[in-house]
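Report on one structure; see the data block that follows.
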There are 2 protein chains.
Amino acid sequence: MRVLIVDDDNLVAMSLKTILSSDSEIEVVGTGSSGDEAIELYNKTKPDVLLMDIRMNGMTGLEAGAKILEKNRDAKILYLTTFNDDEYIIKAISIGAKGYIIKQDFESIIPAVKSVFKGQSVFGNAITEKLPDIINKKKSFDYESYGITSQEKEIIEEVAKGLSNKEIADELCLSEGTVRNYLSNILRKLDLRDRTNLAIFYYQNQ
Amino acid sequence: MRVLIVDDDNLVAMSLKTILSSDSEIEVVGTGSSGDEAIELYNKTKPDVLLMDIRMNGMTGLEAGAKILEKNRDAKILYLTTFNDDEYIIKAISIGAKGYIIKQDFESIIPAVKSVFKGQSVFGNAITEKLPDIINKKKSFDYESYGITSQEKEIIEEVAKGLSNKEIADELCLSEGTVRNYLSNILRKLDLRDRTNLAIFYYQNQ
DNA sequence: TTAAGGATGTGACATTTGTCACATCCTTTT
DNA sequence: AAAAGGATGTGACAAATGTCACATCCTTAA
């Protein structure tokens, strides 16, 4: 099992190399410290698994990974990160990375590399907990912190269904005028222009 | 590492038991053959990992898993399936399952169980390939089949950004009246009432 | 060449939308 | 009890929206 390691922190790269080399099934075929190097070394060594940091100076690991995957659709990239970053994980899966684990969890790295080598996808401990939310895309905007009341929140839900003011009024047993007032307040609070933008906001923050 | 196995095909359950028991770190604490049994045995044995089939007579593995996770938020459920089913995998991740692999891939089962035990998530070979699409939810509505022209498609994009007719007109170098006409046609073709519903439609089919 | 059809535009119209000032109740606080 | 504040309502208004009939221009097909 041939592994390429890329991390812009040289100490980390070396530590990883030491750890991985201790396993008899693994051979570290190279170490790099930038996105450019990742691409270059990947093409040169064609490793079974590329273990790469996400945050790096210059080209990020994600950009480098995307480029590598463009040319090598079967590349197996396992990302390492110092902390959990929801945005990154979605992006990582999107481009086709095979895993995403945190560096701190040393013991998990070797099994993860092996799993990825076998063609599985592996997501680390802390990331695993967030997967359901990520799948459900529940960023769930905190309406309360913008002073949106529960009644107003209901109006937002109805607007997001595409109902007119009249229909919302009927639905919530209010007068149309009141619905308008509520909506007007909502738009001011969220700094949006009209109900269409509110609906868009709703779905983008859902 | 205590593992509970549930599969409505008894032969499969026994095979799995044999395979897993061959590993010194693993102890199979029970085998069941239905969703109800899964819940019952889970509560009785409190295993570290529950290895369960998705398709079962009566209650499905997903339903049983959801119920178990309601009461035991840290339950580690690894699903086994005979084939790849995109709908199931989304559902599985949504409820908080820790893995999803195919039965045929025997060699992967033990490493997968171990990874899940450690808190990672594991997705099997064939499933891994589909993850990017699943994350991107590329249902990508076929506007063409509804007779939406490319110009109209552009208008839709602009509406989905929340722009007014006037702004869209400026953006696309058309008169406001023309934009209205286009929009009117779009709404008729897609059987939608107004721009808000169009934006909603856009984001729901994105 | 002519007819057809598409893209673009105009004007008119009814409706919906968003805003504002203000009015009524009702409950809570002082 | 009086004051304050929230929830709900009204009326008026300007702007934006959606629809329709029709006009122009250009390209393409017959």
**Prompt:** What is the distance, rounded to the nearest whole Å, between atom CD1 of I155(A) and atom P of dG18(C)?
**Reply:** 12 Å
**Prompt:** Is the shortest side-chain N/O distance from R193(B) to OP1 or OP2 of dG18(D) below 4.0 Å?
**Reply:** no
**Message:** Determine whether I26(B) and M1(B) satisfy the following criterion, side-chain contact (heavy atoms from CB on, under 4.5 Å), listing intermediate values before the conclusion.
**Reply:** CA-CA 5 Å; I26(B) 297 175; M1(B) 192 180 323; 4.2 Å; yes
**Complete:** When rounded to whole Å, the CG to P distance for the pair L192(B) and dT19(D) reads 10 Å
**Message:** Looking only at the side chain of T178(A) (C-beta and beyond, no hydrogens), which of the listed nucleotides dT17(D), dG9(D), dG18(C) gets closest?
**Reply:** dG9(D)
**Asked** What integer distance in Å separates N197(A):CG from dT17(C):P?
**Response** 15 Å
**Prompt:** Between N165(B) and dT17(D), does any side-chain N or O lie under 4.0 Å from OP1 or OP2?
**Reply:** yes
**Request:** Grab the CD1-P distance between I186(A) and dC20(C) for me, whole Å please.
**Result:** 15 Å
**Request:** Take the protein atom OH of Y182(B) and the nucleotide atom P of dT10(C), then report the distance between them rounded to whole Å.
**Result:** 13 Å
**Message:** Between P on dA15(D) and CG on D194(B), what's the gap in Å once rounded to a whole number?
**Reply:** 21 Å
**Options dT10(D), dT8(C), dG18(C), nucleotide nearest the side-chain atoms of R195(A)** = dG18(C)
**Message:** Under 4.0 Å, heavy atoms only, any strand: does R188(B) hit a base, just the sugar-phosphate, or nothing?
**Reply:** nothing
**Atom pair distance, as rounded to whole Å: CG in L187(B) and P in dT17(D)** = 12 Å
**From CA spacing to verdict: salt bridge (Lys or Arg N to Asp or Glu O under 4.0 Å), E171(B), K161(B)** = CA-CA 12 Å; E171(B) 194 79 24; K161(B) 287 182 196 161; 5.2 Å; no
**Request:** Would you kindly check whether a donor in the side chain of N181(B) faces an acceptor in the base of dT10(C), or vice versa, at under 3.5 angstrom?
**Result:** yes
**Complete:** Taking for R180(B) and for Q151(B) the nucleotide of DNA chain C with the nearest heavy atom, the one nearer the 5' end belongs to Q151(B)
**Message:** I need the CD1-P distance between I168(A) and dG9(D), as an integer number of Å.
**Reply:** 14 Å
**Prompt:** Would you say T178(B) and L172(B) make side-chain contact, with heavy atoms under 4.5 Å?
**Reply:** no
**Prompt:** Any side-chain heavy-atom pair from R195(A) and I168(A) closer than 4.5 angstrom?
**Reply:** yes
**Message:** Starting the side chain at C-beta, find the nucleotide from dT8(C), dG18(C), dG9(D) nearest to L174(A).
**Reply:** dG9(D)
**Request:** Pick base, sugar-phosphate or nothing for S164(B), based on heavy-atom distances below 4.0 Å to the nucleic acid.
**Result:** sugar-phosphate
**Prompt:** Among dA12(C), dT10(C), dT17(C), which is the nearest nucleotide to the side chain of E176(A)?
**Reply:** dT17(C)
**Request:** For a side chain to side chain contact (heavy atoms under 4.5 Å, CB included) with Y79(A), tell me which candidate from I102(A), I54(A), I89(A) qualifies.
**Result:** I54(A)
**Message:** dC20(C), OP1 or OP2 - any side-chain N/O from S184(A) closer than 4.0 Å?
**Reply:** no
